[in-house]
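Worksheet for the structure shown next.
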Amino acid sequence: MKLDNLNEMQKKAVLKTDGPLLILAGAGSGKTKVLTTKVAYLIEKGVEPSSIVAITFTNKAAKEMKERIYKLVGIEAYNIQISTFHSFGLKIIKENYNLLGYEKNFTILDSDDTLSVIKKIMKRMNIDVKTLNPRYVKNSISSAKNELITPKEYEKYISVEYEKIISKIYEQYQKELVKNNALDFDDLLTLPIKLFNEYPSVLKVYQERYKYILIDEYQDTNKAQYILSKMISAKNKNICVVGDNDQSVYSFRGANYKNILNFEKDYQNAETILLEQNYRSTKTILNAANSVIKNNQFRKDKNLWSNNEVGQKVIYHRAYDERNEADYVISEIRKRLKEGITESEIAVIYRTNAQSRVLEEEFLKSGLPYKIVGSFFFYNRKEIKDLISYLKVIYNEKDDVNLERIINVPKRGIGTKTISNLVSKATLENISLYEAITSGKELEFKKLIDELKTDSETSTLTELIDLILDKSGIKKELEQEKSLEADIRLENLEEFKSITKNFEENEGLVSLEDFLNEISLVSDIEEHKDNKDRITLMTMHAVKGLEFDVVFVVGMEEGIFPHANSSFDKQELEEERRLCYVAITRAKKILYLTNAKRRMLYGKDSINPPSRFINEIDDSLIDSDSNEPLKKIDKSDMINTIPIEFQIGEVIIQDKYGEGIVVGLDDTFITIAFNYPIGTKKFLKNHKSIKKK
DNA sequence: CCATAATTCTTTTTT
DNA sequence: AGAATTATGG
């Protein structure tokens, strides 16, 4: 194994194979290189590839790591378990579904499905969705699950009426999932833990199978993930985790960066290695990133340095609107392409998926090759979701959620009344909707599903899709409509077919089971069969762990980034800043920061000041090509000009959280207690979002 | 009782 | 802007 291309610390991290190891790795310090080399080294030392498990956070990162390890060790890379926590959990569940009370053909519900289940339960329980938002219930349940709180335990924590209702819904929800022979995303983590708790002998099997466990982005692990990794590594203690607190950006999903801080406490004799040299970015880019992140209060300062060249300044451009911004990005990309930079070395990154729309439109017009990574845009289209629902129901007829979705698609005269009768019957007799169907037009539908079930046994995936579109009448309905919209839908369905075809060509025969699992866990399956170089468009969250020569961070505006919903709360704002740090440090050579003076947001025109993060970068590092000077945030945007005096105990109204009581005051901050579930929040004293009642 | 029109609601990040 | 829900028409 040649290790000459590693520095001393990296080498040390690779060579320390046994026992717990914590690698604190700054951005661009070569952590992926260390991880991949370490895996190769383990294999060279004689460790079975199948006894290694490497966990990443996104599917994209898993894929990347697989490819890099493949380059190092060749074909054996396929025997290493490299996946996200969720895929890993699914594998364990699939191997033990019977012990967990599921049938083999269980399905995985996506976020929308989950919400429908909750709405259905709330309706059944006569809970008004206006008093309790189903979305909120969904988040609460999800958080509880990720904190490994069962419905029973949830009851113990109840202090307000709200929680009592949620705990009831939570209980029903879990039952409903089992009845549907379905799992949600969180189950992929919690069920393996449940399994291991109930069957120590099974745990032992996994402990012996996976002798070496490596976890990337450890700062983003939540309680469930933390416990799962702890359980599996408990016997051999060969656990190596890599993380960087400055890149913790998943607290909304229950991630707890403290898992890193506690590592040394959790694992006796844990060794800690610091990787502090950045090999990725120019000094200028690194300085820009550092000047932003140093504004975070809750942070341990660290010494990330670089030997790279100074490089060119960060380029700041303020466009007129979002379309001009996109055009600017495109024209700059053309410039860089002429300079010899390839498309695959260019990325455009943004805070929210919605921003990709305009970008895509302009890229499409420009003719530049691009790819949108992780866009559920395509999979979220109605016709695609309907088709997937058909596939899910064919595979698992007990999946009431998906059955209800398609029972009247295309329209076959089954309306709300028929469905609600069916639901009542199914609930009463404790059977699935499918089983409850015995007569009427519904029976026709049931026969259709049965027929397709038979078809699925004899045809390939792509053939099955054709059969679904034909026999269901989806195709016919769209063809008869003869509208532009219907044509687009037909085209999308064709495109979906080419995706499955492509998938089958790459993977050989694909079972319905494998395909559904893949599509449930991976938001986008490789859409392009040509290996053409493409410009990458993706969110800041999705881009974590990747690097590009040229990076455009677009939408650098207050309200978008930092996001409006995150700019009230100090902790959330710091997470936005870490996200900015992640975004900036993706760039190797050239970094662009752009924004727009005005932008269509949620259907209305809005004018946002430049992001505060731009101001946090030293002016000396920025090259602004806009006419106006680098503008500091206009304080009037954030603070009322006339100070309003509040008193402790006073009731106020806050734009986001509603009514609250002032519980604390000092020179700069005001602390307000809101009703459950919001709790106390700290604001700038004169924030314009706070009003007298 | 179903399909369509009108109206209201909600806008982050991922598995 | 777009989805989701509710009111109206056939």
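Chain naming here is simple, since letters A, B, ... match the order of the sequence lines and numbering starts at 1 in each.
Ionic pairing of A:Arg598 and A:Glu322 is not present here: no N-O contact between side-chain nitrogen and carboxylate oxygen is shorter than 4.0 angstrom.
Side-chain atoms of A:Asn492 and A:Glu383 form a donor-acceptor pair, as typed in the model, at a separation below 3.5 Å. In this structure, a donor-acceptor pair under 3.5 Å is absent between the side chains of A:Ser520 and A:Glu518.
Residue side chain A:His541 fails the stacking definition with respect to B:dT13, as its ring centre and the base's six-membered ring centre are not both under 5.5 angstrom apart and under 30 degrees in plane angle. The side-chain ring of A:Phe252 is stacked on the base of B:dT13, judged by centre separation under 5.5 angstrom and plane angle under 30 degrees.
Taking only side-chain nitrogens and oxygens, A:Thr416 never comes nearer than 4.0 Å to OP1 or OP2 of B:dC1. Side-chain N/O atoms of A:Ser111 include none lying less than 4.0 angstrom from OP1 or OP2 on B:dT15. Listed pair A:Asn353 / B:dT13 meets the phosphate criterion, a side-chain N or O lying under 4.0 Å from OP1 or OP2. An OP1 or OP2 oxygen of B:dT4 is reached within less than 4.0 angstrom by a side-chain nitrogen or oxygen of A:Lys411. Between A:Asn222 and B:dT15, a side-chain N or O to OP1/OP2 separation shorter than 4.0 Å is absent. For the OP1/OP2 pair of B:dT11 and a distance below 4.0 Å, the side-chain nitrogens and oxygens of A:Arg135 include at least one atom meeting the criterion.
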Before you tell me yes or no, could you show the steps for A:Tyr250 and A:Asn222 under side-chain hydrogen bond (donor to acceptor under 3.5 Å, both in side chains), namely the whole-Å CA-CA distance, both residues' side-chain angles and the distance that decides it to 0.1 Å? CA-CA 9 Å; A:Tyr250 280 100; A:Asn222 60 32; over 6 Å; no
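Considering only side-chain atoms of A:Thr84, the nucleotide from B:dT14, B:dT12, B:dT15 that sits closest is B:dT15. Of the candidates C:dT6, B:dT15, B:dC1, the closest approach to any side-chain atom of A:Arg253 belongs to B:dT15. Closest contact between the side chain of A:Lys119 and the listed nucleotides B:dT14, C:dT5, B:dT15 involves C:dT5.
On the C1' atoms, B:dT12 is 24 Å away from C:dT5, given to the nearest whole Å.
Annotation: of the two residues near DNA chain B, A:Thr539 and A:Lys417, the 5′-most nearest-nucleotide partner is A:Lys417.
Residue contacts for A:Asp186: at a heavy-atom cut-off of 4.0 Å it reaches no nucleic acid atom on any strand shown.
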